[in-house]
Protein chains: 2
Amino acid sequence: MSNIIKKYEYAVMATDTVLFALDDGKLKILLIKMNKKPFVDMWAVPGGLVRGDESVEVSAKRTLKEKTGVANVFMEQLYTFGNVNRDPFGRVVSIAYMALTPNIDMEIKTTKDHKEIGWFDVKDLPVLAYDHEKIVKTAVSRLSAKLEYTNIVFQLLSKEFTMNELQTAYEIIRGEKLDKRNFQKKILALDLVKKLDKKTTGQAHRPANVCTAKHEGVVNVEIL
Amino acid sequence: MSNIIKKYEYAVMATDTVLFALDDGKLKILLIKMNKKPFVDMWAVPGGLVRGDESVEVSAKRTLKEKTGVANVFMEQLYTFGNVNRDPFGRVVSIAYMALTPNIDMEIKTTKDHKEIGWFDVKDLPVLAYDHEKIVKTAVSRLSAKLEYTNIVFQLLSKEFTMNELQTAYEIIRGEKLDKRNFQKKILALDLVKKLDKKTTGQAHRPANVCTAKHEGVVNVEIL
DNA sequence: TCAAAAGTGTTAGCGTTACACCCATGG
DNA sequence: CCATGGGTGTAACGCTAACACTTTTGA
């Protein structure tokens with residue numbers, strides 16, 4: 001691969017995807033372990049080169065699936081990283097995506113080139129290959145920002161959730177506790193969720209109302 | 001160029017820059033006229049291929065300068081457009097930038113390949129080549145959005161300006177009139193401008209106070 | 001019966017908006 | 001002196017933030 005890239009007169013492109021999930025009160029991302037020098041045993045965000053016959057977005061989905069087994073998750077373009085020396089194998093520009101899943105227990109797989117894969121707390125990351133630390137930081141800060149003016153948070157929750165799960169998602173990402181009553185008032189005022197005729201069961205406390213998002217996709221929604 | 005691109009197994013990259021300025025109560029962008037089929041006589045945003053030895057941002061600055069003569073303007077990455085068929089000459093992905101200048105009277109030049117160049121009201125654009133209409137729309141909506149949570153507006157004003165010029169910039173881009181007293185209160189509360197010991201002269205009405213931005217660059221600033 | 005989380009309203013303070021008159025200058 | 005835009009304050013309203021007790025369940 002490196003020979004192919006080096007001989008190009010112009011830059012070629014890759015995609016890298018930061019996949020987020022909530023777990024255990026933490027915001028986590030999915031990383032794979034590198035084998036290749038000079039990054040042996042360093043972790044990286046899954047990615048790969050964009051082929052001549054696929055769109056950038058398709059490429060991001062394909063490489064995420066090939067490297068991790070993950071498919072059918074929400075994805076959104078993040079930023080394009082284009083420094084000259086970001087990749088020691090050649091002149092590669094990376095179009096970074098962020099992806100969100102409600103399901104940290106989804107099946108993930110390793111590959112021949114990446115024998116380990118795992119979820120890492122964004123507040124406690126290992127050393128990352130390439131400029132992936134910068135990519136991850138950009139993704140985390142974009143995600144926080146989008147919490148405030150979109151309904152993107154629902155991409156991190158199951159179809160059905162409780163007000164408390166929703167509130168906890170905000171608390172984890174914003175890093176601060178919120179008031180239960182005020183939180184519920186705002187969410188209801190924004191008209192983003194429906195309360196279902198359904199309660200949680202099996203917990204040693206009062207059952208909670210089950211809710212669902214009113215809209216399928218991600219939309220802008222001043223203001224939380 | 002098309003032959004070079006076609007033989008690549010992977011996608012190559014270009015940058016395109018939407019340069020904004022305010023003029024005559026309108027938000028305008030700088031366009032150049034194409035000669036090449038199938039875009040003969042269509043207008044386009046200035047851009048060009050990213051070389052193997054330059055960063056993406058440097059490439060955007062270089063191509064803007066080469067195609068229009070414009071240099072030393074504020075630039076910021078916008079979005080990356082990666083559909084397969086966006087360029088009939090080959091598999092080219094475009095990293096779009098937006099640029100802002102306070103000075104619509106700056107010198108601009110044509111080139112061998114682009115014999116015409118000019119400023120166009122974003123509300124009255126000609127037919128654009130490639131997917132440049134999409135790029136321009138993305139740029140306009142990003143600019144509007146950033147007005148609300150950054151001090152980016154100062155990149156469209158001279159170093160020294162009056163409160164009225166500042167307010168007019170907001171009014172043009174937001175497309176609505178604002179209240180003079182409330183506007184001034186907000187701006188002062190945000191502590192974004194200094195009033196200078198200086199007045200405008202030569203106008204057939206009371207002189208206005210001259211102001212300047214407190215910060216050099218673009219920063220986030222909840223909320224206008 | 002105990003522990004744990006769910007559900008639920010009111011009040012005070014702050015920020016936002018609406019609004020009108022006099023002033024300084026050039027022509 | 002006239003036309004033009006510049007400069008300035010207050011009051012009502014709405015939104016936000018602070019705050020605590022009762023309910024329901026499983027163990």
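Each chain gets a letter, A, B and so on, in the order its sequence line appears, and its residues count up from 1.
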Expressed as a whole number of angstroms, how long is the span from [X]:[atom1] to [N]:[atom2]?
| X | N | atom1 | atom2 | value |
| --- | --- | --- | --- | --- |
| F183(B) | dG15(C) | CZ | C1' | 17 Å |
| K199(A) | dG26(D) | NZ | C1' | 17 Å |
| Q203(B) | dG26(C) | CD | C1' | 10 Å |
| L178(B) | dG6(D) | CG | P | 14 Å |
| L166(A) | dG7(C) | CG | C1' | 16 Å |
| R181(A) | dC21(D) | CZ | P | 10 Å |
| K198(A) | dG7(C) | NZ | C1' | 20 Å |
| I187(B) | dT16(C) | CD1 | P | 12 Å |

Examine dA5(C): is either OP1 or OP2 under 4.0 Å from a nitrogen or oxygen in the side chain of N164(A)? Give yes or no.
->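 No, outside the criterion.
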Point-to-point distance, once rounded to the nearest 0.5 Å, from CG of L64(B) to OH of Y97(B) =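 Atom-to-atom, L64(B):CG and Y97(B):OH are 12.0 Å apart.
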Taking Q77(B) for its side chain and E57(B) for its backbone only, find out whether a donor-acceptor pair lies under 3.5 Å.
-> no
Nearest to the side chain of [X] - [options]?
| X | options | result |
| --- | --- | --- |
| K185(B) | dG26(D), dG7(D), dT10(D) | dT10(D) |
| N182(B) | dT8(D), dA20(D), dG9(D) | dG9(D) |
| N209(B) | dT8(C), dA17(D), dG7(D) | dG7(D) |
| H205(B) | dA18(C), dA5(C), dG5(D) | dG5(D) |
| R206(A) | dT8(D), dG6(D), dA5(C) | dA5(C) |
| Q184(B) | dC23(C), dT8(D), dT8(C) | dT8(D) |

Tell me, do V193(B) and L166(B) make a side-chain contact under 4.5 Å, heavy atoms counted?
->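 When only atoms from C-beta onward are counted, L166(B) and V193(B) do touch, with a gap below 4.5 Å.
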Would you indicate whether the side-chain heavy atoms of K177(A) and Q167(A) approach each other to under 4.5 Å?
-> no
Given that K195(A) and A204(A) both sit by DNA chain C, which one's nearest nucleotide is further toward the 5' end?
->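 Here A204(A) is the residue nearer the 5' end.
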K180(A) or T201(A): which one's nearest nucleotide on DNA chain D is closer to the 5' end?
->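 Checking each residue's closest nucleotide, the 5'-ward one belongs to K180(A).
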For residues A21(B) and L156(B), report the shortest heavy-atom separation together with the two atoms involved.
->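 Shortest heavy-atom separation between A21(B) and L156(B) comes out as CA-CD2, 4.0 Å.
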